Q: 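Right, I'll just put the structure down here and ask away after.
Remember, it's a predicted structure, so these values are computed and weren't measured experimentally. Each chain gets a letter, A, B and so on, in the order its sequence line appears, and its residues count up from 1.
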There are 2 protein chains.
Amino acid sequence: MKAKKASPAALGRPREFDADAALDAAMRVFWQKGYLGTSLSDLTEAMGINRPSLYAAFGNKESLFRKALARYSAGPAAYVSRAIDEPTARGVAERMMRGVAELGTSSCNPAGCLWVHGTLSCGDTSDPVHKELSAHRASTIATLRRRFARAVGEGDLPAGSDPGALARFVATVNFGLAVQAATGASRAELLRVVDTALDAWPAGGKAARS
Amino acid sequence: MKAKKASPAALGRPREFDADAALDAAMRVFWQKGYLGTSLSDLTEAMGINRPSLYAAFGNKESLFRKALARYSAGPAAYVSRAIDEPTARGVAERMMRGVAELGTSSCNPAGCLWVHGTLSCGDTSDPVHKELSAHRASTIATLRRRFARAVGEGDLPAGSDPGALARFVATVNFGLAVQAATGASRAELLRVVDTALDAWPAGGKAARS
DNA sequence: ATACTTCTGTATCGATCGGTACGGATAATA
DNA sequence: TATTATCCGTACCGATCGATACAGAAGTAT
C-alpha cells in the first residue's frame with residue numbers, strides 16, 4: 001500500500017520487513033484459526049517478525065485483527081463489492097454465493113471465511129470485535145437490500161418481491177456456505193448448494209414467473 | 001437422569017450438587033461463549049461448583065464440552081430428530097429450518113447454535129473437537145440425504161431430484177440461520193428467510209411442478 | 001465406634017496468555 | 001564523524017489458562 005521510497009525523510013532506521021506481507025500472513029492465520037484461536041506466538045511465527053515489531057507496526061492483537069479484516073475485505077473478499085455491480089439481481093445473488101463457495105474452498109487459502117470465523121471465535125456478544133463484525137453483517141445485508149430494491153424499480157425483480165427478505169436469504173446462504181467450507185465441505189458440493197438456492201430466486205425481467 | 005436415591009450402596013460421601021443441572025448450566029455457557037471463549041472459571045461460576053468437583057464429575061474441559069453437546073442434541077436441538085419424522089420432505093426441511101430459527105432467537109436461551117458456535121470456536125481443523133463436530137455435520141447431512149432419497153422413492157419429491165443436494169441445501173441454510181442468530185438477527189427476520197428458502201423447494205407428491 | 005470411601009474447598013502447579021522495558025544495532029541527517 | 005531517531009532481539013512482566021495435591025468433612029459398612 002504505502003510506497004517504500006515515497007516518503008523523502010523516513011528518519012531513523014527503516015524497518016526490515018514488508019508490512020504488507022506481514023499483514024497478509026496475519027490475515028491468513030486469523031482466517032485459519034479464528035480470533036481466540038490465534039496466539040501472538042502464532043502470529044509472530046507466521047509473519048516472520050518478533051513481538052515488539054508487531055506491536056510497533058500494528059498495535060495490539062485486536063488492532064491487528066481489524067487491519068486484517070480490512071485487508072480481507074479489500075482482497076480475498078472483494079467478490080462482495082464486485083457482485084453488487086452485476087447487472088441483474090440474480091447475477092448479484094449468484095456471484096455472492098459462488099464467491100464465498102469458491103473462496104472458502106480454494107486450495108491456496110484457509111478454509112471458510114474470515115468474517116464468519118472471526119465473529120464466532122471471539123468472546124460473547126459483548127466483545128467489541130463481535131459488535132463490529134455484527135455491524136458489518138448488518139451493513140452488508142443493507143447494501144444487498146438497496147441493490148434488490150433498485151432491481152424491483154427496474155423491473156428486474158417482480159413488483160411484489162421483498163428486497164429485505166431476499167438480501168437476508170442471500171446472506172444466510174453465504175454464511176452457511178462459509179460454515180460448511182470451514183468444516184471440510186468440497187467445492188463441488190457447495191456449488192450444487194448454490195444452484196439449489198438459485199432455484200428459489202424469483203424470475204423477473206424478461207421472464208416473469210408468477 | 002440418574003436417580004438420587006436409586007443406587008442402594010453409593011459408598012462414600014454423596015455429591016452435594018445436581019449433576020444434571022450443572023451440565024445444563026455448562027451447556028449454556030458453551031452455547032453463549034463458544035469453546036475457546038469459555039474458561040473454567042466461567043464454568044465453575046455458572047455451575048455453582050468448584051474446580052475439583054467439576055473434574056471429578058465430568059473430566060477435563062473437552063470431555064465436559066462433549067457431554068454438553070450430547071445434552072444439547074437430546075434437549076434444545078431435539079427438533080432435528082423430530083424433523084426427520086415429518087411425513088413429507090418439505091415438512092422435514094421446514095421443520096429443520098424453523099427449528100433453528102426459533103431456537104437460536106429464543107429469549108430464554110443464548111443466541112445461535114451450540115454446534116455452529118462450538119465448531120468455529122475451537123482451534124484449527126486439527127483440533128479433535130473440530131473433527132468431531134465436522135463429523136457430526138456430515139452425519140446430519142447424510143441422515144437428511146437418506147430421508148430425501150426415501151421421499152423420491154415415495155413420489156414425495158420429483159423423480160429427478162438430487163437428495164444429496166437438497167440435504168446440503170437445508171444444512172447450509174440452517175448453519176446460516178445460526179450464524180445470523182448469533183450476531184443479533186431477529187426471529188421475524190429469520191422466519192422470513194425460511195419462507196424464502198422454501199420457495200426453492202421442488203414441488204412433489206400431489207402437485208408436481210416441472 | 002472404627003475403618004473406609006468419596007466429595008468439598010483451599011491453595012497452588014507449570015504453561016501460556018497478551019503486552020513491554022531496555023539495550024544494542026542500523027540507517028538518515030548534519 | 002557525531003547526532004538522532006527508529007528498529008530489532010532478548011528477556012521479562014502480571015494475569016490467566018487448564019489442571020491437581022492435599023487435607024478436612026461427610027457419608028456407608030462393619
Q: When you match A:Asn60 and B:Glu16 each to their closest nucleotide on DNA chain C, which lands nearer the 5' end?
A: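 The answer here is B:Glu16.
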
Q: Enumerate the residue pairs fulfilling ring pair (Phe, Tyr, Trp, His ring centres under 6.0 Å) with a member in residues 125-148 of chain A, sequence neighbours excluded, ordered by first and then second residue.
A: A:Trp115-A:His136, A:Phe148-A:Trp201

Q: Counting side-chain heavy atoms from CB outward, which of D:dG27, D:dA25, D:dC8 is closest to B:Arg13?
A: D:dA25

Q: Strictly by side-chain hydrogen bond (donor to acceptor under 3.5 Å, both in side chains), give each pair with a member in residues 97-107 of chain A just once, sequence neighbours left out.
A: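 Listed by first then second residue: A:Thr105-A:Arg187.
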
Q: Measure CZ/A:Phe17 against C1'/C:dT26 and give the value in whole Å, please.
A: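 The answer, rounded to whole Å, is 15 Å.
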
Q: Show me, pair by pair, the donor-acceptor contacts under 3.5 angstrom made by side chains of residues 54-62 of chain A, not counting sequence neighbours?
A:
from    : atom 1 : to      : atom 2 : distance (Å)
A:Asn60 : OD1    : A:Glu62 : N      : 3.4
A:Asn60 : OD1    : A:Ser63 : N      : 2.9
A:Lys61 : NZ     : A:Tyr35 : O      : 3.1
A:Lys61 : NZ     : A:Thr38 : O      : 2.7
A:Glu62 : OE2    : A:Arg66 : NE     : 3.4
A:Glu62 : OE2    : A:Arg66 : NH2    : 2.6

Q: Over how many whole Å does the gap from A:Glu62 atom CD to C:dG19 atom C1' extend?
A: 14 Å

Q: Among residues 36-59 of chain B, which residues get a heavy atom nearer than 4.0 Å to DNA chain C?
A: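 The answer is B:Asn50, B:Pro52, B:Ser53.
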
Q: Using only atom types and a distance under 3.5 Å, with no angle test, would you say the side chain of A:Asp124 pairs donor to acceptor with the backbone of B:Gln32?
A: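 No, A:Asp124 side chain to B:Gln32 backbone: no donor-acceptor pair under 3.5 Å.
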
Q: Check side chain to side chain contact (heavy atoms under 4.5 Å, CB included) between A:Ala178 and all other residues, then give those that pass, not counting sequence neighbours.
A: A:Val100, A:Cys113, A:Val116

Q: Please report, rounded to the nearest Å, how far the C1' atom of C:dC17 is from the CG atom of A:Leu64.
A: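 So the two atoms are 16 Å apart, to the nearest Å.
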
Q: Kindly write out the residues that satisfy salt bridge (Lys or Arg N to Asp or Glu O under 4.0 Å) with B:Arg95, not counting sequence neighbours, or none if the list is empty.
A: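 With sequence neighbours excluded, B:Arg95 shows a salt bridge (Lys or Arg N to Asp or Glu O under 4.0 Å) to B:Glu86, given in chain and number order.
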
Q: Could you tell me the separation between the CZ atom of B:Arg15 and the P atom of C:dG9, rounded to a whole number of Å?
A: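 My rounded result for the distance is 13 Å.
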
